[in-house]
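What follows is one structure encoded as structure tokens, with my remarks underneath.
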Amino acid sequence: MAIRARVWFGAGVAGFDDPQFYGDSWASVYDDRVASVDPSPAVAFLAGRAGAGPVLELAIGTGRVALPLARAGVRVEGLDASAAMVERMRAKPGGADIPVTIGDMALVPVSGTFSLVYLVFNSLFGLLTQDRQAECFASVARVLAPGGRFVIECFVPDPTRFDHGQRVQATAVTEESATLELSVHDAVGQRVTSQNVTFDAAGVHLRPVAIRYAWPAELDLMAAQAGLKLAERYAGWEREPFADASGQHVSVYHRA
């Protein structure tokens, strides 16, 4: 199935604020980086809330969650800003059968309504301002069918990870390469800008990423402004209780 019409993001040099920048930068290595993350708990959780469908995955990427969800019998559609990421999904079994729109997930430029919209693996934080994150909630509310749900998976921010607004760590060391993650934290803007730098025999490889994190209560306010209300919150896909010490949350919103 062909990719739907591309949404034009504007001319100029790509950068962090361009919606497709992250996906285009990471597409060639993304599956390797998330290979250890088992999608099964997320798939089971989402399948149980899919209803009659169809469902929409924002930031569908290479299909880590969408493909097994479709194999479970759920009618899945996708949205992603990066055609490079989607082409990786297309090359996998079943990937060509999932309709995908290339566009900005803050705007959710799709047709029809959905019983479930979901956004996993902290991808909401790829929208780099509070306004764009709030716009995403409003856009999702517009395409939710009556009784529909919006599910997000996000980490709980921990500013103590940074020392004087910085963090440097080795994320991988092998006989042939070493990878460092270099991050700068803007506490006022709730923004983290990072470079993942790999050194190997071929040279130096840069994989940039920027996020704008938000606290659970802030996300709940964005939802409320969009006419959505928190229905469930867990510390993980297996419905672990959410508590003060939880490092992540899976939150389910419905129309207020």
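What you see below is based on every heavy atom in this structure, not just the backbone, and it leaves out hydrogens, waters and symmetry mates. Numbers here simply count residues along the sequence, with the first being 1.
- Of all non-hydrogen atoms in Leu79 and Val108, the two that sit nearest each other are CD2-CA, 3.8 Å.
- Not a single donor-acceptor pair under 3.5 Å links the side chain of Asn196 to the backbone N or O of Glu181.
- Linking ILVMFWY side-chain heavy atoms closer than 4.5 Å, directly or via other members, places Phe242 and Phe155 in two distinct hydrophobic clusters.
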Test log, rule side chain to side chain contact (heavy atoms under 4.5 Å, CB included), inputs Glu232 and Arg49
CA-CA 12 Å; Glu232 307 169 65; Arg49 287 158 178 77; 2.9 Å; yes

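- Residue Asp18 holds its CG atom at 10.0 Å from OG of Ser25, rounded to the nearest 0.5 Å.
- Linking Ile, Leu, Val, Met, Phe, Trp and Tyr whenever their side-chain heavy atoms come within less than 4.5 Å leaves Val140 and Leu221 in two separate clusters.
- A distance of 11.5 Å separates OH in Tyr118 from CD in Glu153, rounded to the nearest 0.5 Å.
- Taking a 6.0 Å sphere around CD of Gln169, one finds it holds more than 12 heavy atoms contributed by other residues, nucleotides or ligands.
- At least one side-chain heavy atom of Cys136 sits less than 4.5 Å from a side-chain heavy atom of Leu58.
- The closest donor-acceptor contact from the side chain of Ser139 to the backbone of Ala106 lies under 3.5 Å.
- The environment of CD in Glu240 is crowded: more than 12 heavy-atom neighbours from other residues, nucleotides or ligands sit within 6.0 Å.
- Of all non-hydrogen atoms in Gly78 and Ile60, the two that sit nearest each other are CA-CD1, 3.6 Å.
- By the rule that hydrophobic residues join a cluster once side-chain heavy atoms approach within less than 4.5 Å of another member, Val37 and Leu69 end up as members of one cluster.
- Side chains of Gln195 and Leu180 form no contact here, defined as non-hydrogen atoms less than 4.5 Å apart.
- At least one cation-pi condition fails for Arg149 and Tyr253: the charged atom is not both under 6.0 angstrom from the six-membered ring centre and inside a 45 degree cone around its axis.
- Closest of all the heavy-atom pairs between Leu219 and Cys154 is CD1-SG, 4.3 Å.
- You'll find the side chain of Leu144 reaches within 4.5 Å of the side chain of Leu228, heavy atoms only.
- Proximity of a side-chain donor or acceptor of Arg255 to a complementary backbone N or O of Gly148 within less than 3.5 Å is not detected.
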Carefully, step by step, assess Thr171 and Thr179 under the rule side chain to side chain donor-acceptor pair (under 3.5 Å).
CA-CA 6 Å; Thr171 58; Thr179 300; 4.8 Å; no

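- A distance of 9.5 Å separates CG in Leu182 from CD in Gln166, rounded to the nearest 0.5 Å.
- Annotation for Val110 and Phe114: closest pair CG2-CE1, 3.7 Å, computed over non-hydrogen atoms.
- Here the two rings, on Phe137 and Phe150, have centers that are under 6.0 Å apart.
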Determine whether Asp220 and Lys229 satisfy the following criterion, salt bridge (Lys or Arg N to Asp or Glu O under 4.0 Å), listing intermediate values before the conclusion.
CA-CA 7 Å; Asp220 295 347; Lys229 182 177 181 181; over 6 Å; no

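- Put simply, the side chain of Asp38 gets close to the backbone of Ser40: a donor and an acceptor are under 3.5 Å apart.
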Kindly indicate, with the supporting measurements, whether the criterion salt bridge (Lys or Arg N to Asp or Glu O under 4.0 Å) is fulfilled by Asp31 and Lys92.
CA-CA 12 Å; Asp31 283 336; Lys92 299 175 182 179; 3.0 Å; yes

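- You'll find the side chain of Met89 stays beyond 4.5 Å of the side chain of Arg64, heavy atoms only.
- Ser194 places no side-chain N or O within 3.5 Å of a backbone atom of Ser183 that could act as its donor or acceptor partner.
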Show your reasoning for whether side chain to side chain donor-acceptor pair (under 3.5 Å) applies to Arg212 and Gln133.
CA-CA 9 Å; Arg212 191 269 174 186; Gln133 291 173 359; 3.0 Å; yes

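- Closest non-hydrogen pair, Ser251 versus Arg233, comes out as OG-NE, 2.7 Å.
- At least one side-chain heavy atom of Trp237 sits under 4.5 Å from a side-chain heavy atom of Phe45.
- In the hydrophobic cluster analysis, where Ile, Leu, Val, Met, Phe, Trp and Tyr join through side-chain heavy atoms closer than 4.5 angstrom, Leu124 is grouped apart from Val156.
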Test Arg90 against Val100 for side chain to side chain contact (heavy atoms under 4.5 Å, CB included), laying out the working first.
CA-CA 10 Å; Arg90 292 279 181 245; Val100 178; 3.6 Å; yes

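- Using a 4.5 Å heavy-atom threshold, the side chains of Val43 and Val65 count as touching.
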Dump the intermediate steps for side chain to side chain contact (heavy atoms under 4.5 Å, CB included) on Val204 and Thr198, then the final yes or no.
CA-CA 6 Å; Val204 179; Thr198 299; over 6 Å; no

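- The closest donor-acceptor contact from the side chain of Asp24 to the backbone of Phe21 lies at 3.5 Å or more, if one exists at all.
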Take Gln190 and Glu218, measure what side chain to side chain contact (heavy atoms under 4.5 Å, CB included) needs, and give me the verdict at the end.
CA-CA 12 Å; Gln190 297 174 203; Glu218 184 182 3; 3.2 Å; yes

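- The closest donor-acceptor contact from the side chain of Ser177 to the backbone of Thr174 lies at 3.5 Å or more, if one exists at all.
- Between Glu77 and Glu57 there is no side-chain heavy-atom pair separated by less than 4.5 Å.
- Counting heavy atoms of neighbouring residues, nucleotides and ligands inside a 6.0 Å radius, atom CZ of Arg33 exceeds 12 of them.
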Could you go step by step and tell me if Phe16 and Tyr22 meet the ring pair (Phe, Tyr, Trp, His ring centres under 6.0 Å) rule?
CA-CA 7 Å; Phe16 286 123; Tyr22 171 79; 9.8 Å; no

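- No donor-acceptor pair closer than 3.5 Å links the side chain of Arg88 to the backbone N or O of Gly63.
- Side chains of Thr129 and Asp131: no donor on one and acceptor on the other come within 3.5 Å.
- Connection of Val209 to Val184 is not established within any shared hydrophobic cluster, with ILVMFWY side chains joined at heavy-atom distances below 4.5 Å, either directly or through further cluster members.
- A donor-acceptor pair shorter than 3.5 Å can be found between the side chains of Asp158 and Thr160.
- Under the ring-ring contact (aromatic ring centres under 6.0 Å, His included) criterion, the residue pairs touching residues 167-202 are Phe162-His185, His185-Tyr213, with sequence neighbours excluded.
- Remark: Ile152 CD1 to Met222 CE distance equals 9.0 Å, nearest 0.5 Å.
- Every pair passing salt bridge (Lys or Arg N to Asp or Glu O under 4.0 Å) that includes a residue from residues 182-204 is listed here, sequence neighbours excluded: Asp17-Arg191.
- With values rounded to the nearest 0.5 angstrom, Tyr234 atom OH is found 14.0 Å from His249 atom NE2.
- Contact detail for Pro41 and Glu238: the closest heavy-atom pair is CG-OE2, 3.9 Å.
- Interatomic distance, CD1 of Ile211 versus CG of Leu128, reported as 9.0 Å (0.5 Å rounding).
- Side-chain contact between Leu46 and Val55: absent, with no pair of heavy atoms (C-beta onward) separated by less than 4.5 Å.
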